[in-house]
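We number each residue from 1, following the sequence as shown. Computation of the quantities below employed the complete heavy-atom set of this structure, encompassing side-chain atoms and omitting hydrogens, waters and symmetry-equivalent molecules.
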Amino acid sequence: MTALTLSRPANAVPRPAPIARWLLTVAFLVFCMVVVGGITRLTESGLSITQWKPIAGAIPPLTHDQWMDAFRDYQKIPEYQQLRQGMTLDEFQFIFFWEWVHRLLGRLIGVAFALPLLWFAWKRAIPRGYGPRLVALLALGGLQGAIGWWMVKSGLSVRTDVSHYRLAVHLLTALFIIGGLVWTALDLLTRSKTPFAKPAMLHPFAVVALLALTVQLMFGAFTAGLDAGYVSNTWPLMNDHLVPQGIEWLGSLWATVSSDPYLVHFIHRWWAWVAAILLVMLARMAKQAGQRGPSIAINAAVGTQVALGIATVISGIALPLAVLHQAVGALVVASAAWGAHALGERRG
């Protein structure tokens, strides 16, 4: 990676626009991985592959004996022993498929980022100052793979599911990567039009809005990991109460707020309005800054996400709606990054 920091030869030409398009393509791949991750979670497929083989694991079982070996490994963990006794090989192959696709996408994203990065570095096409940021994004992607295995390991020995805290770290890291890719791509697109433009900086209000969104996403992950969406299928009240009955003290304030399914669902349901209001305000400020695109994107994504959240609850967590809810959540992150970037642009 030293090529990323070497002095640029006299005939080298920075290519911010192609690099920006590449980063947006990678962001789309990460978006696809978030969607498949949602399907994996909702079909309870995440513990079907009990080993982490970064290279050999790219090839699924191909023979009956290989499938039986993988199935026997799955039969050793608590999820099978306590919840899925009697599962057939066909049923196992179904859940294995989604987890395998999820991991395969992770490998594809790694290749889709690393190889073009090396090529742009070799061509000295990376604008000055962006090399370290691109290497950091690559490292964060590698860390995300390790976080994914760390999450899976939490469900292989004692639990019948993964830790909802580790699930939250895994999801938030993926969404942060999407935001970082979009932000960096927008910086480079600005630079392609205005060569002396400086990287955008975070506006104070954008920080507030993004922090509120992060809290909402975290509680969304908690809701998913605890199956807290199933505690109520009515809206706006939860089982005929504004504050649901059934909340239990779990020994500390943090444990109760983050681990009681009723309270987690309640917070995710109503904090959504705080995040939505702040994001709509961010959209308005982006429009006032002269950029209608991010304003339209934020309003559309937030409005759709609120409607999907309500519909998902009322449906009793129907799979298509729940997957769409996670997918649009990623689009909310991308549009929020766009809006925050619009406030922080410095064209020089």
(message) Taking the ring centre of each residue, are F222 and F219 less than 6.0 Å apart?
(response) yes
For a 4.5 angstrom cut-off between non-hydrogen side-chain atoms, does [X] reach [Y]?
X	Y	result
F31	V34	no
W150	V169	yes
H64	L89	yes
W67	F96	yes

For [X], does the [atom1] atom sit with more than 12 other heavy atoms under 6.0 Å from it, leaving out its own atoms?
X	atom1	value
I55	CD1	no
W273	CH2	no
Y165	OH	yes

(request) Identify, with sequence neighbours excluded, every residue that meets side chain to side chain contact (heavy atoms under 4.5 Å, CB included) alongside A300. (result)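 None.
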(request) Applying side chain to side chain contact (heavy atoms under 4.5 Å, CB included), name anything that partners Q82, two or more places apart in sequence or on another chain. (result)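 Q82 satisfies side chain to side chain contact (heavy atoms under 4.5 Å, CB included) with P78, T160 once adjacent residues are dropped.
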(request) Check the pair E44 / R84 against salt bridge (charged side-chain N to carboxylate O under 4.0 Å, His left out), numbers first and verdict last. (result) CA-CA 11 Å; E44 298 183 352; R84 289 184 164 173; 3.4 Å; yes
Joint cluster assignment, [X] & [Y], ILVMFWY side-chain distance < 4.5 Å:
X	Y	result
I178	L108	yes
I296	V306	no
L278	V280	no
W52	L104	yes

Distance alone, cut at 3.5 Å: any donor-acceptor contact between the side chains of [X] and [Y]?
X	Y	value
E248	T256	no
D73	Q51	yes
H265	S232	no
R133	T184	yes

(request) Would you confirm whether W235, through its side chain, and G309, through its main-chain N or O, come within 3.5 Å as a donor-acceptor pair? (result)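 No, because the side chain of W235 does not come within donor-acceptor range (under 3.5 Å) of the backbone of G309.
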(request) Return the orientation label for the F71 and Y80 ring planes: parallel under 30°, perpendicular over 60°, tilted otherwise. (result)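 Ring orientation, 0 to 90° scale: perpendicular.
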(request) Write down the atom of G37, the atom of Q326, and the distance for their closest heavy-atom approach. (result)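 Minimum heavy-atom separation between G37 and Q326: C-NE2, 4.0 Å.
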(request) Give the intermediate values and the outcome of side chain to side chain contact (heavy atoms under 4.5 Å, CB included) for residues L210 and L202. (result) CA-CA 10 Å; L210 292 174; L202 275 171; 3.9 Å; yes
(request) Could you give me the CA-CA distance, side-chain angles and deciding distance for H164 and S259, then say whether side chain to side chain contact (heavy atoms under 4.5 Å, CB included) is met? (result) CA-CA 8 Å; H164 64 289; S259 298; 3.3 Å; yes
(message) Before you tell me yes or no, could you show the steps for D90 and Q93 under side chain to side chain contact (heavy atoms under 4.5 Å, CB included), namely the whole-Å CA-CA distance, both residues' side-chain angles and the distance that decides it to 0.1 Å?
(response) CA-CA 5 Å; D90 286 344; Q93 288 173 326; 3.3 Å; yes
